[in-house]
A.B. asks: 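I have a structure here, written as structure tokens, and I will follow up with some questions on it.
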Amino acid sequence: MNLITLEIAVVILALAVLLGDLWTPVAHKRSLGYAAAGGLIIIFSYSFFAAPAFGSGFNDMLVVDGLSLFFKRFFLVAAIIVIFIALEFADRIETGISEFYSLILFALTGMMFAASANDFVLVFVSLELVSVTFYVLNSFQRNRLASLEAGIKYLILSALSAAFLVFGIAFIFGTSGTTNFSAIHGLLETGPDFGKNSAFLLGILFVIVGLGFKIATFPFQIWAPDVYQGSPAPATAFLAIGSKAAGIVLLLRVLFIAVPQVALHWNTLLIVLAAITILYGNLCAIPQRNLKRLLGYSSIANAGYLLLGFAALNQTGFAAILYYLCGYLFAVLAAFMVISIVTCGRDSEDVTVLAGLNQRSPLLATVLTLAMISLAGIPPLAGFFGKFLLLKAVVEQGATNSAYYWLVGITLIGVVISLYYYFGIIRAIYWSKEPADLSPVIVSWPARAVLIVCAAGMLYLGLLPDRAVQQTQLAVQVLKVNSPAVQIQKEARHP
Amino acid sequence: MNDLLPNLPWSVLFLPLLSAVAIALFTKKNRGLSAGISIGAIVISFLLSAFLFFQYRDAKQIPDTVLSWVSVGNLSVDIGIKLDSLSLLMLLIVTGVGSAIHIYSWGYMHEDRAVSRYFASLSLFTFSMLGIVLATNFFQMFIFWELVGVSSYLLIGFWYERASAADAAKKAFITNRLGDFGFLIGIIMVWALAGSLSFGTLQESFKANPQILGASATLAGLLIFCGAMGKSAQFPLHVWLPDAMEGPTPVSALIHAATMVAAGVYMLCRVFFLFNLPALEIISWIGGFTALLAAVIAVQQNDIKRILAYSTLSQLGYMVMAVGVGGPAAAMFHLTTHAFFKALLFLGAGSVIHALHHEQDIWKMGALKKKMPVTFWTFLIGTLALAGIPPFSGFYSKDAVLAAAFEHNAILFIVATLVAALTAFYMFRLFFVAFLGAPKSDASDHAHESPKIMTMPLQILAVLAVIGGLIGIDTFIGKTFQPEAHAVHFAERFLAPFGHAPMAALFGILASVIGFSIAWSLYANASCDPLPEKLGVLSRAMRNKFYFDEIYSGLIAITHEAASRLADFIDRWIVAGLMVRGAHGTTELFGRALRLVQTGNLQIYAFLFVAGVAVVLYFVLFRS
Amino acid sequence: MTPVGLEHFLVVSGVLFCLGLWGVIVRRNLLIMYMSLELMLNAANLALVSFSRFNNRLDGQIMVFFIITVAAAEVAVGLALIVALYRKKQTAHVEDLATMKL
Amino acid sequence: MNSILTYIILAPLIGALVVLLVPRNFRFIIRGIAQAATLISMVLAIKMFFFDFTTNFPREQLTEKIQWVASLGINYHVGVDGLNVGLILMGAIVAFAAVCVSHNIKTYEKEFYILLLVMTGGILGAFASLDLFFFYFFHELALVPTFIMIGVWGRGENKNYATFQITLYLSIGALLALVGLIALYLQLPLGNRTFNIIELTKYFKAQPMNLAAQQFIFPLLLFGFGILVSLWPFHTWAPLGYGSAPSATAMLHAGVLKKFGLYGLIRIALPLMPDASQSWLHVLAVLCLGNIVYCGFVAMRQRDLNLLIGNSSVAHMGFCFLGIASLTLIGITGAVTVMVAHGLLAALTFALSGYIYQQTGTLDIRQMGGLLRQIPFIGAALVMAAMAGCGLPGFANFPGEALVLFGAWKAFPLVTALAVWGALVIGAVYMLRAVRNILHGPMAANQTPIADASLLRKLPYALLLATLLLFGFVPSLLTDKIKPSAQSIVEMATRPLKIQKMEKDSSATAPRAAVK
């Protein structure tokens, strides 16, 4: 099987959706969404039945390994659910719903390429593919000023970050003479002493800026709340999970495949960034009333949690990142699904729209509650186990640098603060003061199925984590890291 | 029979408990049955006790029977049965006087709607009291000590709907708890130093090494004494006993005169070996002071039960003083006779109160001799016994105390003699005002003798009050403390006081006579109290119990109350308010402040973005 | 006169990048901000090309082609967005674009 | 599935699942299922306690181990020894009683019972777990329903604030403890890592943890667990939270779940970190006075019955802390006994206050009075509970508290003396004040007639009282079981002198090892 069969299949699907639009009457546009989702489900299943052989290609620009395969499947699942969200959202998009589906598919393609990137050229191209499609997706509701505003804010800031990324790549290329990850790693291991060259470091930092923007980590988080708030819910959902995960996988690959030797010395930077990101996201979320904006801040906080895994600088941490992302996927997408359904026919996205949801639709209420509990990191759901793994990885590293303990402390503070607003949402569902209209919410069967899948996913990851943990551990094996802690432990074992 | 014998004491102990449980669970609705069960239980207990008494009367040493209750590490707590002359005597008192009072109660209480509850509590009390009596170790004693406290609480507060009764019950319990505070610490201390809780083992180790408690011997002794101070209502914890008269009168007779309040004295005698001289000195002074204080207060009380209550206090002080001056045998002797005549007096008072439809003011009684002859005569016997007129029992026991004081401490002897005089005075004051003279109210005009079920116990107790000093109780007790003491003949006993301490006996009689004469001169035919005019301020102070309640409530207000106010304030405003809400508020404030960064202006966003890049660059490239 | 070396190209590229950055930060018109961004991209292009030339490797040049292509796509979308905004709101100034904040 | 413990834990959880599937209109069936599930759990727990448990067995028994997350060494591993057998029994009884008294819940019954059953399962699981991860996991599983139940079914104006505060406090406590537990796990060398508490204990018995790690982890556990048990000054959530909670929640949390922290301290912190324990126990001894004396004083001033009970419950925790701080066999045995006894007592008092609230519509003790005549059974039970609360012999609290005081005397005489004051005097003052104001005295003027519990409704109160009395009369039922386990804990926790010596020795040889 070809290295990029999956990507090709997705592109063909996207084109098919675009073309299919021409022959689909307006009344049946919905079927295009089902077709897209169905196609993705087939591709997803296909990735299991005929797993692509590991290897690299295109002049070593693209690599298929455990990590990339893991993320490809991850993105596929995300896209499938996002398309279902889009189906629920479709009535609020005046024209071009089929483009909306195909754009999601194009963004997915970009993400899948990102998962495989082994060269800065591919990093840039795949990332821009994602960005450019999101410009359109975010501003898709052209008659809603908020949507346009979100699109433009995202456009300018994303382009700004892309400029940094490109400039950084230029410096990396200039100092090392190559853009290939493996080559850079090899050179750092054996070759000339450019690892200490500040032009090279500057280049790496600029690349981190570009990726940090995608992840929404401090100090590049500033766009997230506005864009999350303004964009159509499916786009926000995909931004929250897909775009973020693409940034994560690229950051993993850059830091721990291309320049692990440099990354090892940046633990302080990662610790500080993680700590501030967690605090920023959680603190700002406290007074938030707009649901999507709240999730925007929560997304910043979660970026901070994910950075914990980076800061830990060990395989456990990377595996924990992957695990956490999986849990985050189900929780966030479930939340956006519920928000899409609940805000249907309403102007407001305020938490008050949730009032009495438990009477209007117990399913929605239950799933949203589960999602919030999972995000808050409380057992028995996925979020808890994810945070458990992340914290474990960080504490494990504590022996090398006491700053890790401070990081743990700040994380705990962040988690506690987050309980406040997550529970605020739960409270809004069950016992809000203002008596809202209690007409039952009709939830379509596909949406029901997706919600149940999300809930099941959160429960599965929380209750029976064994398989998933093993998968993530396998996936991160390609990441090379020679953390000082590991060295110390090794020495301790063989004195 | 021999197989059965070891189990008998257990039956004595547990029969009352069984009856309490049975009443509480099953016969609450059936008042008669409840009373029957309770009375039956205690009468059987009494018969068994009597049997035990005669069985073991002459035994030298009876081994303890124990069951392990809790045993952890070097702390092993047993529930057991200790039988020696002390406990055998107390068994008889508790079950004997108890039986009389139980029977009396059925007459006194049968109209009350909660008779079942009354008898259940009474049975619970009997069980607890027997537990103290039979205790083989400190821990067991403490357990039953507490149970006695709670049964007393339940019975004082029997008429809980009366605010005064409910308050009195609470006060009694908490005051007792103050004493128990010291008691428990004392017990722990003794255990920590001497390594055992068992009286037997402790006595052995004290015999082997009198200095086993080391430097804290006095402290430990006084802490143990604290327990007695609470239970036996010694100054400064005496305030609860007069208030406890809010309970039904038979309860006052049984618990607050005859048995429970004597438990403190019993405990002191039981562990007499533990006290060193300085501790005993303090104990004796406290006892003497309590005796005097209570006697003085009693002089100006007008409530028949309160007079008796203060006299109880005073007599308890007597006993404690006796222990303090090294006469535990005298203390026990006085305890026994006091149980007889004080129970008699209370029941007599109850009979009067019952006849007068719950009138307790002695100035509204009078002229009861004809109307209530049995009560009159038995009450007179009680009065004579308490006043220490020979040959009534009180004379002999009081003389024993006086003799002990005379030997050890001249000042305390004078105090004791003074108290004897005061006792005679206030008792005859009571007697003259309440029983003689003209009827002072309608109620007393129309009084009738109480039913037989109430007068019969009076008669039994009266007999005991008369002969109590002559039947050899003192020598029986003496065996515990002076094993070589020999038996004496009746005639010898009759005149014994004049034999070994003629001074004490003479002073005692003299004091009683003086007290009697003054009372006669003042109250023989009085219709109102002449003393307040003569004594002025002092009289008011006496009537107000020297303002102890007020002082204490003030003290509590500036200590416990203030502490609780302070704690509550800190909790509400500093911990919950300032710290918790503060942390919460600060966090929220931070959140609100921080999000001001999100101005919505794209240009500022771009600037912040670039500034962020610059900061990161600076830190990574130039600071490290 | 020294021959034109890598440093010179890099300085020019750096200056261009900073100019672009400056433009993004201070100009209020969206179109001009967007042009400044393109300037930054081109600064990177210049750096890449010069590195490529002096390293004697073609990778940089390839990268530049990608960048130009992608930038073209980006501009197409970006301009369309700005136009849509202008149609809706009759303005292209950033201050008017702050309905969502805090 | 061969351990009775698994069935005890699973019964309520399966009950929750079944309730989930029942339509919400079948209220009677939902209640019935909940009642049946807890009944099964309770009957099994009683069977375990009295029949299956071997008293003088030195190790954990009735164990069961199922692999869960093999890659991290996490197993479902349950077992009992003297420390937790009583707690499990107590938990099961309280859970049954909690379902019994929940008949007044009328809104969202289905959700309520699901949460109640999940909470029960979590509680029982937490105490039965011998695996650190599940130990924590089950605890959190029980904690979350607490928050939701207070939030949704709670009462009073302060409900929201109470929910907020209890959530934050307990989450902080749980998270601190979690970090401590993870750090503990990481103290094991890379190849040997396990969450198995038995293995951990064995390992650290053979190879004491280094001092720095002990000094880092112990405070985390001490304060993390301490917050969960409302250690002064982190206690304000407790009265407030219990004051607002529905009775069943308050019963289960104050009675059972709260003991988790103490159990964790005894089971994990003390034996594994003896040196740190020794250096921190003085602090604990002083803080416990904050509970016993300070909170006692606070309780004296409360006007709301639930706040009073809540504060008294906080005060009682002080005895457990004192017993732990004493680090003696007697003290620890006492502490565990108090844990069991207080669980039953707290459940009883909260159930009673719930009944009174339901009948009178108020918990302000100044507005009540003379209730004993109208509700003789509930009143009598309340008097007994108050008596048990101020340490009256005959109730299980007394032997526990007495053991604690005897055990703590040698180490902390002054603290013990003050604790005795708290136990005998302060406790009596506020308990009797409550009885006096609520039950005694003349009937309040605006009193509406209220009804005593019917025969069936008496069951939970009678059950709890009977258990309290049983352990009060025959405390050796508990203490004999606790003793051997407490003995091994104390043995491990009081080894430090030897260790310090060893460390001195090893520090002399350490440089050589490093050179090698």
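Chain letters run A, B, ... following the sequence lines, proteins first, then strands; residues in each count from 1.
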A.B. asks: Is it the case that more than 12 heavy atoms not belonging to B:Arg565 sit under 6.0 Å from its CZ atom?
C.D. replies: no
A.B. asks: Would you say the side chain of A:Arg293 lies within less than 4.5 Å of the side chain of B:Arg595, judging by non-hydrogen atoms?
C.D. replies: no
A.B. asks: Is it the side chain or the backbone of A:Pro287 that comes within 4.5 Å of chain B heavy atoms, both, or neither?
C.D. replies: both
A.B. asks: Indicate yes or no: at least one non-hydrogen side-chain atom of B:Val610 is less than 4.5 angstrom from one of A:Leu160.
C.D. replies: yes
A.B. asks: Who wins among A:Gln288, A:Glu149, A:Gln221 for the most heavy-atom pairs under 4.5 Å with chain B?
C.D. replies: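 Between A:Gln288, A:Glu149, A:Gln221, the count favours A:Gln288.
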A.B. asks: As an exercise, state the distance from CD of B:Glu588 to CG of A:Leu283, rounded to the nearest 0.5 Å.
C.D. replies: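 Output value for this atom pair is 10.5 Å.
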A.B. asks: Given a strict heavy-atom distance threshold of 4.5 Å, which part of A:Tyr297 is in contact with chain B: side chain, backbone, both, or neither?
C.D. replies: side chain
A.B. asks: Go through the atoms of A:Ser161 and report whether side chain, backbone, both or neither lie under 4.5 Å from a heavy atom of chain B.
C.D. replies: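 Both parts, heavy atoms under 4.5 Å.
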A.B. asks: Quick one, A:Val209 and B:Val616 - any side-chain contact, counting heavy atoms below 4.5 Å?
C.D. replies: no
A.B. asks: What closest approach, in Å, do A:Ile222 and B:Gln598 show between heavy atoms, and which atom pair accounts for it?
C.D. replies: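 Looking at all heavy atoms of both residues, the shortest contact is O-OE1, 3.0 Å.
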A.B. asks: Within a radius of less than 6.0 Å around OH of B:Tyr552, do more than 12 heavy atoms belonging to other residues, nucleotides or ligands occur?
C.D. replies: yes
A.B. asks: Kindly indicate whether the side chain of B:Val620, heavy atoms from C-beta on, has any atom under 4.5 Å from the side chain of A:Leu201.
C.D. replies: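 No - every pair of side-chain heavy atoms lies 4.5 Å or more apart.
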A.B. asks: Which value, rounded to the nearest 0.5 Å, describes the distance between A:Phe220 atom CZ and B:Phe609 atom CZ?
C.D. replies: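 Atom-to-atom, A:Phe220:CZ and B:Phe609:CZ are 6.0 Å apart.
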A.B. asks: With rounding to the nearest 0.5 angstrom, report the CD1 to OG1 distance, A:Ile286 to B:Thr587.
C.D. replies: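 A:Ile286 CD1 to B:Thr587 OG1: 6.0 Å, rounded to 0.5 Å.
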A.B. asks: Let me confirm one number: the CG-CG distance from A:Leu157 to B:Leu602, rounded to the nearest 0.5 Å.
C.D. replies: 5.0 Å
A.B. asks: Would a 4.5 Å heavy-atom cut-off, applied to side chains only, mark B:Tyr605 and A:Ile156 as touching?
C.D. replies: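 No, every pair of side-chain atoms sits at 4.5 Å or beyond.
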A.B. asks: Do B:Phe619 and A:Val272 come within less than 4.5 Å of each other through their side chains, counting heavy atoms only?
C.D. replies: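 B:Phe619 vs A:Val272: side chains apart.
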A.B. asks: Taking A:Trp223, A:Tyr420, A:Phe218 one by one, which has the highest count of heavy-atom pairs under 4.5 Å against chain B?
C.D. replies: A:Tyr420
